[in-house]
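Sequential numbering from 1 along the given sequence is applied to the chain's residues. Since we're looking at a predicted model, the values are computed, not measured.
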Amino acid sequence: MVTMTILGDGIDHPECVAWDPTTGSIVCGTESGELLWLEPSEGTVRDRLRVGEGFIGGIALDAAGRVYACDAAARRVVRADRRDRSAVTWSIGPAAAPFILPNYPVFDGAGRLWVSDSGEWGAGNGRVVMIPPGGGDAVVASSEANGFTNGLAIDPDGSALYVAESTPPLVSRLAIGADGRLGPREVLLELPRTVPDGLAFTADGALLISCYRPDLVYRWDGRTLAVLAEDWTAVLLCAPTNVAFGGAALGTLWAANLGAGYVTRIEAGLHGAPLRYPEAAR
């Protein structure tokens, strides 16, 4: 049985949510350019840091708890450190073709930061950008997964990057080679009449897909697509854009709700696959 609980109140349209193991907090970004560290059982704000002047999209963390956030308003990835209150530009994308709409970042085991650059809605000009370990010159890693390139996830064994493409609605996969290059795009799952947004893997290798429309989270085991959680009333889930596991044994799922002012805790009897938290010191 799945149970859902609203956490927090008045959060300014959270797009993304992530688990911070260094503080035991849930981190989310807001439409007004802040990062919030939330107490995970009640959603009270433990800390906040302004990192931009507009919409904050996806976020990833390193081993020190620094947050790498897609600052859509400034078209950059910003690195924020709550300890010294800093927020510095980590990347503006490839020098010859800067970010159009940086949307979601994820680290792999080698410390590379993969970032979805969504492009323009319906234009088919999205792409995946790679920032080398420790920062440096970003490169276009793939222009094949280009359908408003959105949420990303790396499978538990680190062999492939999974991509939510919001239009046309589908999930694709790009193999990660030993040299860090991405292979050809493989369409895995088409999702008509939905807007897939976020991705997360469970410990047993299933893929969770959160949808901006309709208000639900799917579970896909590679063969069968099933609804894990949904709310057609949009009271407990309201445009759930991204999901993340955290807490003890990564046994709790949280969803960010772009259409509302709260985060949702989802108890579904699942455990998340561990993420990669690299030492990214520069």
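Residues passing the side-chain hydrogen bond (donor to acceptor under 3.5 Å, both in side chains) test with T30, sequence neighbours excluded: S32. By the ring-ring contact (aromatic ring centres under 6.0 Å, His included) test, F55 is found to be paired with no residue, residues two or more places apart in sequence or in another chain being considered.
Between the D71 side chain and the I56 main chain, no donor and acceptor come within less than 3.5 Å of each other. With hydrogens and angles disregarded, no donor-acceptor distance shorter than 3.5 Å links the side chain of N257 to the backbone of A260. Judged by distance alone, with hydrogens and angles left aside, the side-chain atoms of D215 form no donor-acceptor pair with the main-chain N or O of E230 at under 3.5 Å. In this structure, the side chain of H271 does not engage the main chain of A203 through any donor-acceptor pair within 3.5 Å. Of the possible donor and acceptor atoms, one in the side chain of E39 sits under 3.5 Å from a partner among the backbone N and O of S41. At least one donor-acceptor pair closer than 3.5 Å links the side chain of T241 to the backbone N or O of E15. A donor-acceptor pair under 3.5 Å is formed between the side chain of D231 and the backbone N or O of V235. With hydrogens and angles disregarded, no donor-acceptor distance shorter than 3.5 Å links the side chain of S172 to the backbone of A145. In this structure, the side chain of E144 does not engage the main chain of P184 through any donor-acceptor pair within 3.5 Å. Distance alone, capped at 3.5 Å, is enough to place a donor-acceptor pair between the S91 side chain and the G93 backbone.
Identified under the salt bridge (Lys or Arg N to Asp or Glu O under 4.0 Å) test for residues 264-278, with sequence neighbours left out: R265-E267.
I26 and V106 fall into different hydrophobic clusters, defined by Ile, Leu, Val, Met, Phe, Trp and Tyr side-chain heavy atoms under 4.5 Å apart, directly or through other members. Put simply, V67 and V77 are part of two different groups of oily side chains (I, L, V, M, F, W, Y) that touch within less than 4.5 Å, one to the next. Residues L38 and L61 fall within the same hydrophobic cluster, defined by Ile, Leu, Val, Met, Phe, Trp and Tyr side chains chained together at heavy-atom separations under 4.5 Å. With hydrophobic clusters built from ILVMFWY side chains whose heavy atoms lie under 4.5 angstrom apart, V17 shares a cluster with L236. Under the 4.5 Å side-chain contact rule for hydrophobic residues, V140 and V163 do not share a cluster.
Within a 6.0 Å sphere centred on CZ of R193, other residues, nucleotides and ligands contribute 12 heavy atoms or fewer. Under a cut-off of 6.0 angstrom, the local environment of CG in D137 is sparse, with at most 12 non-hydrogen atoms contributed by other residues, nucleotides or ligands. Other residues, nucleotides and ligands contribute at most 12 non-hydrogen atoms within 6.0 Å of the CG atom of D9. Sparse packing is recorded around CZ of R181, with 12 or fewer heavy atoms of other residues, nucleotides or ligands lying under 6.0 Å away. Within a 6.0 Å radius of CZ in F148, more than 12 heavy atoms belonging to other residues, nucleotides or ligands are found.
To the nearest 0.5 Å, atoms CG (N146) and OG (S118) are separated by 11.5 Å. The CD atom of E190 lies 6.5 Å from the CG atom of L170; values are rounded to the nearest 0.5 Å. Here the CG atom belonging to L207 is positioned 9.5 Å from the CG atom belonging to D155, to the nearest 0.5 angstrom. The CH2 atom of W220 sits 4.5 Å away from the CG atom of L188 when rounded to the nearest 0.5 Å. Here the straight-line distance linking atom CD1 of I11 with atom CD1 of I6 works out to 10.5 Å at 0.5 Å rounding. The CG atom of L250 sits 11.0 Å away from the OG1 atom of T202 when rounded to the nearest 0.5 Å.
Between G24 and R46 the shortest heavy-atom distance is O-NH1, 3.1 Å. When all heavy atoms are compared, the tightest approach of A69 to I59 is CB-CG2, 3.7 Å. In plain terms, the two heavy atoms of A229 and V2 that are nearest each other are CB-CG1, 4.1 Å. Contact record, W19 with S25: CE3-O, 3.4 Å, taken as the closest heavy-atom pair. Heavy atoms only, all atoms of each residue included: Y218 and V227 are closest at CE2-CG2, 3.8 Å. Heavy atoms only, all atoms of each residue included: S210 and P240 are closest at CB-O, 3.3 Å.
Comment: D117 does not engage R75 in a salt bridge, judged by the lack of any side-chain N to carboxylate O separation of less than 4.0 angstrom. With salt bridges taken as basic N to acidic carboxylate O contacts below 4.0 Å, none links R66 and E279. A salt bridge is defined here as a Lys NZ or Arg NE, NH1 or NH2 lying under 4.0 Å from an Asp or Glu carboxylate O, and D204 with R219 meets this definition.
Using a 4.5 Å heavy-atom threshold, the side chains of L152 and Y162 count as separate. L199 is listed as a side-chain neighbour of I209, based on a closest heavy-atom distance under 4.5 Å. Two residues are said to be in side-chain contact when any heavy atoms from C-beta on lie closer than 4.5 Å; T149 and L101 fail this criterion. Side-chain contact between V217 and V243: present, with at least one pair of heavy atoms (C-beta onward) separated by less than 4.5 Å.
Under a cutoff of 6.0 Å and an axis angle of 45°, R48 and W37 do not form a cation-pi pair.
Under the side chain to side chain contact (heavy atoms under 4.5 Å, CB included) test applied with S166, the options N103, L191, V195 reduce to a single match, V195.
Between W90 and Y68, the ring centre distance stays below 6.0 Å. In summary, the aromatic rings of F201 and F245 are positioned with their centroids too far apart to meet the 6.0 Å limit.
Side-chain contact, T89 with R76: a donor N or O sits under 3.5 Å from an acceptor N or O.
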- Message: Run N125 and E120 through side-chain hydrogen bond (donor to acceptor under 3.5 Å, both in side chains) and show every step you take.
- Response: CA-CA 7 Å; N125 60 345; E120 300 154 306; 2.7 Å; yes
